[in-house]
Structures are given as structure tokens and as C-alpha cells.
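For reference, the structure is listed below as C-alpha cells.
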Amino acid sequence: MAKELIVVKGRVIEQNRSFTPQVGEDIGYELGAKMIKNWFDQNPDDVLASFTGREIIEKILAQPGCTGLRLFNAINDLGVKQLVLVGADINGNNILNYTTIGENGEIVKHKGIVADRSTICPPSCGDTGTVEVNWFG
């Protein structure tokens, strides 16, 4: 995969310049916990996490040409941080519409799936209903 250097918040970082299904990797428990703790320490009153169900994720990924998900930070009608999920193609374009061939050979136009209505944590963080900071703190 081709790499590129970009500047984010005044720092140079390296990232993959690709929109293939292979983008992303298992960063491990320790690095993941450290990154989440950094966020939590800097934003203790913000949304910590969002849960999105498998069904809508699979529907997005099943769209023709979809190679992955783009997750947008967003603010809902109540002013609460959310994630909006959109499929992306091999060129990194958002899949906002697509066409298929119908049963009679006709071209059928569809709107791409733009997903939200995730469950946010806090307050819904699992069985306890509270933020379990111990695993990353």
C-alpha cells in the first residue's frame, strides 16, 4: 500500500493512501487502551463510544463497490456527538447513490445508506450502564 505524509494538528503523520478492504489493522489492547484513555482524559464529559449494530454495517458493506466504511463525527438534533457511517468505494468516494440491474434488465437507482442512531456511551455502556474506565485507564 502506498503511504503518504499528512499534517494533523501541526504534527506530521504517515498513513496508508488506499481505500481497499485491507486498510486498518489490529493495533492491540495496549495501544488501543492508551489512545482511548488519551481521548477520555482530554474529553471527560464527551461521548466516549458509539455502538452500531452488525445489520446496518453489513447493509452498508453489501452496497455495490463498497470497500469499507467512512465514519463521520457528527452532532445530532439534541447537540450530542454521534458517528455517521457511509460506505466508501476503492477511490475513497462516499457511496451516496448507486445503480443495479433489476429483474427485467432495467436500471434501478438507489440511495446509498447513511447510517446513524447508534447507542452512545455513556450512558449505555454495557451491563453496568456506566463507563467502564478500568479497561483503558
Q: Give the intermediate values and the outcome of side chain to side chain contact (heavy atoms under 4.5 Å, CB included) for residues Ile13 and Leu5.
A: CA-CA 6 Å; Ile13 63 170; Leu5 297 177; over 6 Å; no
Q | Separation between CZ of Arg70 and CG of Asn93, rounded to the nearest 0.5 Å | A | 8.0 Å
Q | Pair Phe72-Asn94, side chain to side chain contact (heavy atoms under 4.5 Å, CB included): steps then yes or no | A | CA-CA 11 Å; Phe72 288 94; Asn94 298 326; 3.8 Å; yes
Q.
I'd like to know if the side chain of Thr67 reaches the main chain of Ala88, judged simply by a donor and an acceptor atom lying under 3.5 Å from each other, with no hydrogens or angles considered.
A. yes
Q.
Around atom CD1 of Ile101, are there more than 12 heavy atoms from other residues, nucleotides or ligands closer than 6.0 Å?
A. yes
Q.
For residues 57-69, which residue pairs pass the salt bridge (Lys or Arg N to Asp or Glu O under 4.0 Å) check, not counting sequence neighbours?
A. Arg54-Glu58
Q. At what distance, to the nearest 0.5 angstrom, does OG1 of Thr52 lie from CD1 of Ile120?
A. 11.5 Å
Q: Could you walk me through whether Arg11 and Val7 pass the side chain to side chain contact (heavy atoms under 4.5 Å, CB included) test, one step at a time?
A: CA-CA 5 Å; Arg11 294 188 176 168; Val7 178; over 6 Å; no
**Q.** Test log, rule side chain to side chain contact (heavy atoms under 4.5 Å, CB included), inputs Ile60 and Val86
**A.** CA-CA 7 Å; Ile60 294 171; Val86 178; over 6 Å; no
Q. Does CZ in Phe51 sit with more than 12 non-hydrogen atoms of other residues, nucleotides or ligands closer than 6.0 Å?
A. no
Q: Measure the spacing between CG of Asp89 and CG of Asn91 and express it to the nearest 0.5 Å.
A: 5.0 Å
(Q) Quick check for you: to the nearest 0.5 Å, what is the distance between Leu85 atom CG and Leu71 atom CG? (A) 4.5 Å
Q: Would you confirm whether Asn104, through its side chain, and Glu106, through its main-chain N or O, come within 3.5 Å as a donor-acceptor pair?
A: no
Q: Determine whether Ile113 and Leu69 fall in the same hydrophobic cluster, where Ile, Leu, Val, Met, Phe, Trp and Tyr are linked whenever their side-chain heavy atoms lie under 4.5 Å apart.
A: yes
Q. With side chains defined as the heavy atoms from C-beta onward, is the minimum distance between Thr100 and Lys109 less than 4.5 Å?
A. no
Q.
Just verifying a value: how many Å separate His110 NE2 and Gln63 CD, rounded to the nearest 0.5 Å?
A. 10.0 Å
Q) So if you build clusters from Ile, Leu, Val, Met, Phe, Trp, Tyr with side-chain heavy-atom gaps below 4.5 Å, do Phe40 and Leu83 land together? A) no
**Q.** Rounded distance [0.5 Å steps], NZ in Lys81 versus CG in Asn43
**A.** 7.0 Å
